[in-house]
Asks: 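Quick one: the structure is below, and I'll ask about it shortly.
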Amino acid sequence: MRQIFAEAGLRFRQHGGRISVRSDPSSDLVYALPLQTTKGHLRADAGGTLRRNTFGRGYEHRVREHLNRPGVNPDDFDHWTHVRLRLLSDTDVLGSVKELTEVYSQCAAFRLGAHPTLMRRQFLWRVIDHLVNRVPADQMPLGTQRPEGMLMTGILEALPGAMMCVPLTARFQPMAAVLMTNLGAEIALLAPGSGFVRTPYMDRWPVGAERPQLSGPGTGVYDVGIRRLPDGHAEALLRQSATGMNRLLGLLTDPARFTNTDGVLDLDEQMIAWTNVRFGLSAVVELAADWGASDKIWSAFRALGTLQGLWEGATQSSVPLWELLSPDRLRSHALPALPDPTHRAFYAALINNYEKELREGFPGLSLERAVKEVQELRHLVHGTGGQGHRPRDARITTLRHLATNNPNIQLVADMAVLWWTALLFDPDRLCTPGRAPWRP
């Protein structure tokens with residue numbers, strides 16, 4: 001047991017019939033390693049870096065099966081889909097990556113991955129959970145005995161790249177493309193300058209004959225006064241993301257953080273925090289994958305709602321959604337978490353644009369009242385009638401404002417990304433289960 005704990009970056013000791021556990025602060029759980037030299041050539045150890053901590057191969061067979069399905073036409077795929085299919089289908093992984101870096105010679109490639117420490121630590125949490133529930137050691141559903149339908153699938157432990165790169169990918173012009181090779185190894189291809197360019201398309205709001213839009217005129221909202229990013233900006237952002245992910249995962253898997261003053265481990269609090277962060281970041285990954293779709297705002301609301309659940313505690317009132325939508329809250333609690341001045345200036349300008357859209361979209365209302373109107377959009381999943389203490393016509397009123405004044409409410413997605421980016425960069429302050437950061 002001591003060996004397993006040591007491999008997980010945890011230490012334990014027994015005294016007086018009790019067991020105390022603490023984490024090793026020096027344990028890194030995820031990494032982002034450069035695949036190139038400073039001159040852009042593949043490093044001599046690139047092959048070994050690509051093979052480390054991989055979990056499988058043989059994706060070329062799955063790619064072939066997918067392409068042979070009726071109705072699938074490769075000519076309909078966009079450029080990045082072709083790049084992904086090539087990496088998944090080429091068994092010469094090093095050669096494929098070399099070709100990728102030559103084609104995108106202005107970009108930088110990094111290998112993303114998780115150390116075995118993270119998997120070991122998750123394994124120990126399952127053992128602890130079973131012990132607390134008095135499951136005999138020989139009956140614990142571990143390894144091959146683990147049910148396939150369990151809530152924790154292990155994907156994050158094997159493929160952390162998409163969540164780690166949320167600050168770089170979940171934006172109108174992404175700073176990175178997260179790709180996977182035939183070995184199962186993830187690669188981040190970092191863009192130079194102003195980032196990669198998405199197809200400038202934003203869908204319309206799919207409700208009603210008039211189909212009021214959420215995207216406004218579609219111009220000006222991403223004008224933040226930054227024409228070109230500093231050299232090395234994407235790489236700095238990736239390193240900050242890897243550092244933040246290590247701190248976040250370290251906190252979420254540290255038994256001491258979820259032990260009360262009597263020394264009793266609270267497994268439920270750990271599960272609440274772990275699943276909220278998993279689901280919230282997954283929602284932001286969905287945003288990054290399909291940025292221009294009309295339904296992306298639902299992923300944004302889901303990400304924000306998950307954050308509400310993390311901060312909602314038994315000893316305080318609930319955290320209303322409108323508080324997370326408030327420009328003032330974003331400025332005072334999310335923005336300071338961004339360590340890079342260019343990144344902070346980008347989001348500061350984006351918050352200003354978001355506030356401008358709110359004021360113009362809901363004229364005559366206070367800013368607080370305007371964000372409460374936006375909050376009603378989230379409640380449309382329950383219909384347009386009133387529920388609880390809300391007026392029966394509240395959601396219809398919001399839709400009328402949208403149809404009449406045409407504000408760009410799609411910026412809610414950017415605000416959701418900002419909250420989760422802030423939590424990733426400053427988990428000590430923003431990832432405290434049961435307490436919103438602005439509450440005492």
Side-chain angles (χ1 to χ4, degrees), residues 166-167 170-172 214 216 220-226 276 280 283-284 287 297 300-313 316-379 389-390 394 397-398 401-402 405 407-440:
V166 155
R171 48 196 294 164
F172 183 61
L214 292 181
V221 291
Y222 288 105
D223 184 0
V224 294
I226 300 174
N276 270 291
V284 181
L287 280 173
I297 195 168
F301 279 131
R302 182 157 59 88
L304 292 170
T306 307
L307 202 52
Q308 283 180 275
L310 174 67
W311 288 339
E312 202 166 283
Q316 67 170 40
S317 59
S318 63
V319 181
L321 179 60
W322 71 263
E323 289 197 6
L324 277 73
L325 294 168
S326 165
D328 291 338
R329 286 272 188 266
L330 287 155
R331 291 189 184 100
S332 60
H333 289 84
L335 205 57
L338 309 184
D340 184 88
T342 302
H343 197 205
R344 197 161 54 247
F346 168 80
Y347 270 110
L350 212 55
I351 294 172
N352 291 340
N353 293 348
Y354 168 60
E355 180 175 334
K356 178 175 177 290
E357 294 293 322
L358 290 175
R359 293 190 183 280
E360 293 180 356
F362 301 93
L365 301 182
S366 67
L367 193 57
E368 179 179 321
R369 184 64 250 173
V371 293
K372 288 182 177 178
E373 292 279 336
V374 175
Q375 177 181 246
E376 293 300 328
L377 286 177
R378 169 61 181 84
H379 303 318
H389 299 294
R390 294 183 179 86
T397 300
T398 296
H401 276 293
L402 295 178
N405 304 307
N408 193 320
I409 302 302
Q410 293 275 10
L411 284 172
V412 167
D414 297 274
M415 301 304 107
V417 172
L418 172 55
W419 272 122
W420 280 100
T421 298
L423 185 142
L424 179 64
F425 286 167
D426 192 1
D428 300 271
R429 184 172 60 91
L430 296 177
C431 191
T432 303
R435 189 175 75 247
W438 53 86
R439 301 282 174 82

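The figures that follow rest on heavy atoms only: side chains count, while hydrogens, waters and symmetry mates do not.
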Asks: So which heavy atom on His333 is nearest to which on Arg429, and how close?
Replies: O-NH2, 3.0 Å
Asks: Could you tell me if the side chain of Leu310 sits less than 4.5 Å from the side chain of Leu423, heavy atoms only?
Replies: yes
Asks: Within the side chain of Trp311, is there an N or O that forms a donor-acceptor pair under 3.5 Å with the backbone of Val319?
Replies: no
Asks: What residue among Glu323, Glu368, Glu355 forms salt bridge (charged side-chain N to carboxylate O under 4.0 Å, His left out) with Arg329?
Replies: Glu323
Asks: In a check of side-chain contact (heavy atoms from CB on, under 4.5 Å) between His343 and each of Ile226, Leu335, Thr421, which one passes?
Replies: Thr421
Asks: Locate the shortest heavy-atom distance separating Ala170 from Tyr347; write the atom from each residue and the value.
Replies: O-OH, 4.3 Å
Asks: When rounded to the nearest 0.5 angstrom, what is the spacing between CG in Leu304 and CZ in Arg378?
Replies: 10.0 Å
Asks: Rounded to the nearest 0.5 Å, what's the gap from CD on Gln308 to OG1 on Thr306? Could you check?
Replies: 9.0 Å
Asks: So Val221 and Lys356, do their side chains get closer than 4.5 Å, heavy atoms only?
Replies: no
Asks: Could you walk me through whether Leu325 and Leu358 pass the side chain to side chain contact (heavy atoms under 4.5 Å, CB included) check?
Replies: CA-CA 11 Å; Leu325 294 168; Leu358 290 175; over 6 Å; no
Asks: Would you say the side chain of Asn352 lies within less than 4.5 Å of the side chain of Arg331, judging by non-hydrogen atoms?
Replies: yes
Asks: Measure the shortest side-chain to side-chain distance between Leu418 and Leu350 over non-hydrogen atoms and say whether it is less than 4.5 angstrom.
Replies: no
Asks: When you measure from the side chain of Glu312 to the backbone of Ser318, do you find a donor-acceptor pair of N or O atoms at a distance under 3.5 Å?
Replies: no
Asks: Where do Ala300 and Ala416 come nearest, in terms of heavy atoms and distance?
Replies: O-CB, 3.8 Å
Asks: When rounded to the nearest 0.5 angstrom, what distance separates CG in Leu430 from CZ in Arg435?
Replies: 11.0 Å
Asks: Report yes if some heavy atom in the side chain of Met415 is under 4.5 Å from a heavy atom in the side chain of Ile351; otherwise report no.
Replies: yes
Asks: Indicate yes or no for a side-chain donor-acceptor contact from Trp419 to the backbone of Leu307 under 3.5 Å, with no hydrogens or angles considered.
Replies: no
Asks: Is there side-chain contact between Glu373 and Thr397, with heavy atoms separated by less than 4.5 Å?
Replies: yes
Asks: Between Leu338 and Phe346, is any pair of side-chain heavy atoms under 4.5 Å apart?
Replies: no
Asks: Check the pair Tyr222 / Asp414 against side chain to side chain contact (heavy atoms under 4.5 Å, CB included), numbers first and verdict last.
Replies: CA-CA 10 Å; Tyr222 288 105; Asp414 297 274; 2.7 Å; yes
Asks: Using a strict threshold of under 4.0 Å (side-chain N to carboxylate O), is an ion pair present between Glu376 and Lys372?
Replies: no
Asks: At their closest point, which heavy atom of Phe425 faces which heavy atom of Pro339, and how far apart are they?
Replies: CD1-CD, 3.6 Å
Asks: Locate the shortest heavy-atom distance separating Leu330 from Leu324; write the atom from each residue and the value.
Replies: CG-O, 4.1 Å
Asks: Is there side-chain contact between Arg171 and Val417, with at least one heavy-atom pair below 4.5 Å?
Replies: no
Asks: Can you name the nearest heavy-atom pair linking Asn276 to Trp420, along with the distance?
Replies: O-CH2, 3.6 Å
Asks: Would you give the length of the straight line joining atom NE2 of His401 to atom CD of Glu360, rounded to the nearest 0.5 angstrom?
Replies: 14.0 Å
